[in-house]
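Please read the structure below before turning to the comments.
Read the numbers this way: they start at 1 and go in the same order the structure lists the ligands and their atoms. One is the number of the first residue; the rest follow in order along the sequence. Nothing here was measured: the structure is a model prediction, and the numbers come from that model.
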Amino acid sequence: MDIADFRHQAHQLVDWMADYLENVQRYPVSPQVQPGDILAQLPAQAPESGEDFAAIFQDFEQLILPGMTHWQHPRFFAYFPASTSPPSLLGEMLMATLGAQCMSWLTSPAATELEQQVMHWLRQAIELPDTFTGVIQDSASSATLCALLCAREQKSAINQQGFSQQRFRVYASTEAHASIEKAVRIAGLGSDNLVKIPVDSHFALNVDALREAIAADRAAGFTPLCVVAAWGTTSSTALDPLADLADLCQSEKLWFHVDAAYAGSAFILPEHRRLARGLERADSVVFNPHKWLRTHFDCSAYFVRDTAMLTHTLGLTPEYLKTDLDRQVHNYRDWGVPLGRRFRALKLWFVLRSYGLAELRQQLRQQIQWVQELSQQIQAHPDFEVLAPVPLNLVCFRFAPCTRDASDYEALNQALLQRLNHSGEVFMTHTRLAGTYCLRLVAGNPNTRAEDVQMAWRFIQATARDVL
Ligand code: PLP
């Protein structure tokens with residue numbers, strides 16, 4: 001493809017992209033394909049001779065698109081959203097065009113300094129004290145891994161000497177995300193040493209139980225290392241009590257990491273930031289603008305109190321990367337796991353400037369209000385029940401018709417979810433809370449409107465009647 005052809009194709013693609021964003025609601029939100037359907041249509045080998053872009057694009061439309069789940073669909077209510085926006089996409093286009101590898105200041109000075117400033121803006125927006133410094137990671141999973149590695153390095157010399165006889169412990173609630181256990185494994189600490197602390201009736205970590213677990217571990221000869229708090233658990237957005245956990249970590253001298261992967265975007269709302277009292281005493285905090293702040297994947301904001309600890313743990317400078325300026329600049333390759341880095345700050349910069357914090361706040365507030373109103377409607381319905389508090393824009397509920405025995409509810413709700421998702425009208429997922437199977441609806445997609453949430457509720461009720 002020469003540049004003239006690129007120009008022509010790119011203009012057409014931009015039109016296609018704008019049409020897609022304008023009309024995404026016309027697609028079934030999730031595809032009705034079976035495993036292997038797409039694979040069976042793809043040639044077994046790469047072509048020997050180059051093909052026309054028109055033919056490639058035709059295959060994209062005919063083979064790939066029908067097999068896609070439309071995450072930007074206004075009635076995508078599953079998992080957590082992966083929100084995007086036009087300015088974010090424009091940032092991506094420029095980033096890809098520049099094709100820069102932003103591992104060091106020298107490899108792209110502007111990329112490094114823009115990241116410094118955008119993370120400074122974001123830190124101010126979420127009211128973290130200026131003792132914190134931010135860096136963009138690819139995912140919350142990577143950020144949590146960095147936190148555990150720093151916590152480990154603070155109490156050992158494992159980076160240099162490898163593992164000793166010391167037996168470390170990490171603590172998180174039974175509702176914590178699977179990425180915590182994965183990080184524990186990768187850090188070589190072992191799943192058996194992730195102590196899962198019970199939750200209270202709101203599905204938030206029980207601090208007394210944590211205190212007892214730490215004392216029992218110390219008595220048994222373990223070295224407690226780190227507490228990972230969830231501010232917004234994946235199942236129900238339960239909020240662990242950060243202030244109490246900060247007190248405990250301070251008195252026990254433990255690393256305090258806050259995983260706010262989804263809900264942390266709500267830190268830009270002063271009323272929600274108040275609910276996160278204690279956040280300012282964390283050692284590290286992660287939240288994902290790529291989930292709820294209109295910046296497409298990947299863009300995970302990681303804030304640490306001690307940057308020297310981070311670069312001591314993850315920095316490694318071979319001769320071929322040394323520069324005369326290393327003492328004066330940030331070399332972000334030393335602030336995370338991979339060497340290579342994308343210029344992610346560009347899209348976040350475009351998003352923050354295009355919308356401004358006021359509009360971003362307004363959208364989050366609306367979504368929270370819609371779901372809280374929905375949860376009241378569900379609760380008021382004689383045949384449905386809400387199964388967890390709704391602090392944000394996610395509601396966990398189940399169909400619980402009084403004409404049926406409670407032992408039937410799980411099968412009924414499984415059937416209901418299957419029908420809802422099969423329809424292509426909405427897409428939702430399930431979870432289990434205290435052993436109870438429940439449906440989970442989260443409205444954090446920028447394309448979702450109040451009507452979409454209400455339409456989903458009417459559709460859920462009608463489908464539940466059919467299931468019955
Ligand atoms: N932590 C929580 C609470 C999450 O809900 C998720 C994903 O949904 C993650 C961590 C992992 O996020 P990522 O995909 O950025 O690694």
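Protein heavy atom closest to atom 1 (N) of ligand 1, with residue, atom name and distance, is Asp259 OD2, 2.7 Å. For atom 16 (O) of ligand 1, the closest heavy atom belonging to the protein is Ser141 OG, 2.5 Å. The closest protein non-hydrogen atom to atom 14 (O) of ligand 1 is Lys291 NZ, 3.8 Å.
Among the atoms of Tyr262, none of the N or O lies under 3.5 angstrom from an N or O of ligand 1.
With a heavy-atom cut-off of 4.0 Å, Phe80 touches ligand 1 through its side chain alone. Contacts of Ala140 with ligand 1, taken as heavy-atom pairs under 4.0 Å, involve both backbone and side chain. No part of Thr144 comes within 4.0 Å of ligand 1, judged by heavy-atom distances. Residue Ala261 touches ligand 1 through its side chain alone, judged by heavy-atom distances below 4.0 Å.
At least one heavy atom of Gly232 sits less than 4.0 Å from an atom of ligand 1. Put simply, no part of Ser300 is less than 4.0 Å from ligand 1, judged by heavy atoms.
Within the structure, every pair that satisfies the salt bridge (charged side-chain N to carboxylate O under 4.0 Å, His left out) test and touches residues 255-273, not counting sequence neighbours, is listed here: Glu271-Arg365, Arg273-Glu280.
A salt bridge between Arg123 and Asp130 is absent, with no side-chain N of the basic residue lying under 4.0 Å from a carboxylate O of the acidic one.
Ring orientation note: the planes of Tyr79 and Trp71 are close to parallel, at an angle under 30° on the 30°/60° scale.
Not counting sequence neighbours, Asp37 has no partner by the salt bridge (Lys or Arg N to Asp or Glu O under 4.0 Å) test.
Applying the 4.0 Å criterion to heavy atoms of Thr234 picks out, from ligand 1, the atoms 2 (C), 3 (C), 4 (C), 5 (O). Near Ser179, meaning under 4.0 Å from one of its heavy atoms, ligand 1 places the atoms 10 (C).
For atom 10 (C) of ligand 1, the candidate residues are Glu175, His177, His290, Gln137; the nearest heavy-atom contact is made by His177.
For the 3.5 Å distance criterion, the side chains of His70 and Tyr20 qualify, holding a donor opposite an acceptor.
A side-chain donor-acceptor contact under 3.5 Å links His73 to the backbone of Arg75. For the pair Gln137 (side chain) and Trp335 (backbone), a donor-acceptor distance under 3.5 Å is present.
Shown are Arg218, Arg211, Arg169, Lys155; of these, the salt bridge (Lys or Arg N to Asp or Glu O under 4.0 Å) with Glu252 is made only by Arg218.
Cation-pi contact between Arg305 and Phe256: absent, since separation from the ring centre below 6.0 Å together with deviation from the ring axis within 45° is not met.
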